[in-house]
Amino acid sequence: DQQVKQNSPSLSVQEGRISILNCDYTNSMFDYFLWYKKYPAEGPTFLISISSIKDKNEDGRFTVFLNKSAKHLSLHIVPSQPGDSAVYFCAAGSSGSARQLTFGSGTQLTVLP
Amino acid sequence: EAGVTQFPSHSVIEKGQTVTLRCDPISGHDNLYWYRRVMGKEIKFLLHFVKESKQDESGMPNNRFLAERTGGTYSTLKVQPAELEDSGVYFCASSQGGDPYYYGYTFGSGTRLTVV
């Protein structure tokens, strides 16, 4: 059973608008969450992370929101740019255990010019 | 600084054959991880080395998979004998000591393995 779920396999957004990518998790032991971006034929690239003691973390155009009660996190990209077109993976981990990350299946974001 | 290097980038082998994937982590990174993505699904953890020691191999699917890390430097992942369900993209990642959750891992570009 998937512990990290990204229910939208794809998302299309107009350039300049906001992109919102969603992720749900089931394991209450997760206390760190990360977003990775992946271009074709490349490995995932770390974007931004958030600890469970926070509910928001910003880095430039990227903001991650965490709702612990709903076991839900989202990545907001504002404004969206064509270069943001990629597959976005949500990942989660537990600081109390091994350092493995549990990933979702990814969301393909397409930003239309 | 050189990134995480994986080779080959692609490998096509027949069922029953043996394949060895190699990963060179970023110099100085003690932590090395193997992950796999099958059929466009989620990226799944295989195992974690700290230097030359296996810290966690709970994700290894079965005993047809053997991972080694020589002298705490590069790592190899051998699949013997390969089965059709082993097809996928194998990613290697590395991180320095300290919590990778703040900084994330650095991933290689992956090896796309196709078993026919």
Side-chain angles (χ1 to χ4, degrees), chain A residues 1-7 9-10 23-27 29-54 57 59 62 64 66 73 75 86-108, chain B residues 2-10 21 23-26 29-51 53-60 88-112:
Chain A
D1 186 35
Q2 269 191 276
Q3 298 184 63
V4 176
K5 294 183 181 179
Q6 294 178 256
N7 292 317
S10 63
C23 178
D24 296 292
Y25 63 96
T26 58
N27 189 339
M29 298 300 294
F30 290 147
D31 56 5
Y32 284 92
F33 305 88
L34 304 90
W35 284 94
Y36 281 81
K37 177 171 73 173
K38 184 185 177 306
Y39 293 118
E42 294 184 10
T45 302
F46 171 72
L47 261 182
I48 191 169
S49 64
I50 188 168
S51 161
S52 60
I53 63 173
K54 294 186 174 182
N57 189 26
D59 184 2
F62 302 91
V64 56
L66 175 62
L73 65 155
L75 175 69
V87 177
Y88 288 77
F89 289 95
C90 169
S94 172
S95 58
S97 64
R99 292 181 176 176
Q100 61 172 282
L101 292 177
T102 301
F103 284 82
S105 54
T107 297
Q108 171 69 57
Chain B
V4 177
T5 306
Q6 291 186 249
F7 49 94
S9 57
H10 293 85
L21 314 180
C23 169
D24 287 75
I26 292 173
H29 281 194
D30 288 338
N31 295 279
L32 187 149
Y33 310 84
W34 285 97
Y35 282 79
R36 176 174 74 170
R37 190 182 190 204
V38 173
M39 290 289 290
K41 295 185 178 178
E42 68 270 27
I43 299 170
K44 284 194 170 181
F45 170 80
L46 296 177
L47 88 158
H48 170 207
F49 283 100
V50 177
K51 296 185 179 179
S53 300
K54 291 177 186 174
Q55 184 76 13
D56 179 0
E57 51 184 332
S58 62
M60 295 288 265
V89 182
Y90 289 77
F91 291 105
C92 175
S94 71
S95 68
Q96 290 180 310
D99 202 326
Y101 301 136
Y102 287 115
Y103 314 110
Y105 306 142
T106 301
F107 278 88
S109 299
T111 294
R112 180 174 295 278

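In what follows, chains carry the letters A, B, and so on, assigned in the order in which the sequence lines appear, proteins first and then strands, with residues in each chain numbered from 1.
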Query raised in the report: What's the shortest heavy-atom distance between B:Phe107 and A:Pro44, and which atoms?
Result: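 Residues B:Phe107 and A:Pro44, closest heavy atoms: CB-O, 3.4 Å.
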Query raised in the report: At their closest point, which heavy atom of A:Leu34 faces which heavy atom of B:Gly104, and how far apart are they?
Result: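 Shortest heavy-atom contact: CD2-CA, 3.9 Å.
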Query raised in the report: CZ of B:Arg37 to NZ of A:Lys38: how many Å apart, nearest 0.5 Å?
Result: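 Answer for the CZ-NZ pair, B:Arg37 versus A:Lys38, is 6.5 Å.
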**Report entry** From A:Leu101 atom CG to B:Lys44 atom NZ, the distance as rounded to the nearest 0.5 Å
**Finding:**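 It is 15.0 Å, given to the nearest 0.5 Å.
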Query raised in the report: Would you say B:Lys51 has more than 12 foreign heavy atoms packed within less than 6.0 Å of its NZ?
Result: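 For B:Lys51, atom NZ is not crowded (no more than 12 foreign heavy atoms under 6.0 Å).
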Requested in this report: Could you tell me whether a side-chain N or O of A:Tyr36 sits under 3.5 Å from a main-chain N or O of B:Tyr105, the two making a donor and an acceptor?
Outcome: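 Checked: pair present.
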Determine whether [X] and [Y] make a side-chain contact, defined as any pair of heavy atoms from C-beta on separated by less than 4.5 Å.
{"X": "A:Phe46", "Y": "B:Thr106", "result": "no"}
{"X": "A:Phe103", "Y": "B:Lys41", "result": "no"}
{"X": "B:Asp56", "Y": "A:Gln100", "result": "yes"}

Query - Selection from A:Ala41, A:Gly93, A:Gly43, A:Gly106 maximising heavy-atom pairs under 4.5 Å formed with chain B - result: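 Most pairs with chain B among the choices: A:Gly43.
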Query raised in the report: Which bit of B:Ser58 comes within less than 4.5 Å of chain A, counting heavy atoms only: side chain, backbone, both or neither?
Result: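 Side chain of B:Ser58 only, per the 4.5 Å heavy-atom cut-off to chain A.
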Report task. With a 4.5 angstrom heavy-atom cut-off, could you sort out which part of B:Arg112 is near chain A: side chain, backbone, both or neither? Result ->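 Answer is neither: B:Arg112 stays 4.5 Å or more from chain A.
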Query raised in the report: Tell me, side chain or backbone of A:Gln2 under 4.5 Å from chain B's heavy atoms, or both, or neither?
Result: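 Looking at A:Gln2, just its side chain touches chain B.
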Report task. Sort A:Lys5 into side chain, backbone, both or neither according to what part of it lies under 4.5 angstrom from a heavy atom of chain B. Result ->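 Answer is neither: A:Lys5 stays 4.5 Å or more from chain B.
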Requested in this report: Apply side chain to side chain contact (heavy atoms under 4.5 Å, CB included) to the pair B:Phe45 and A:Thr102, showing each step before the final yes or no.
Outcome: CA-CA 7 Å; B:Phe45 170 80; A:Thr102 301; over 6 Å; no
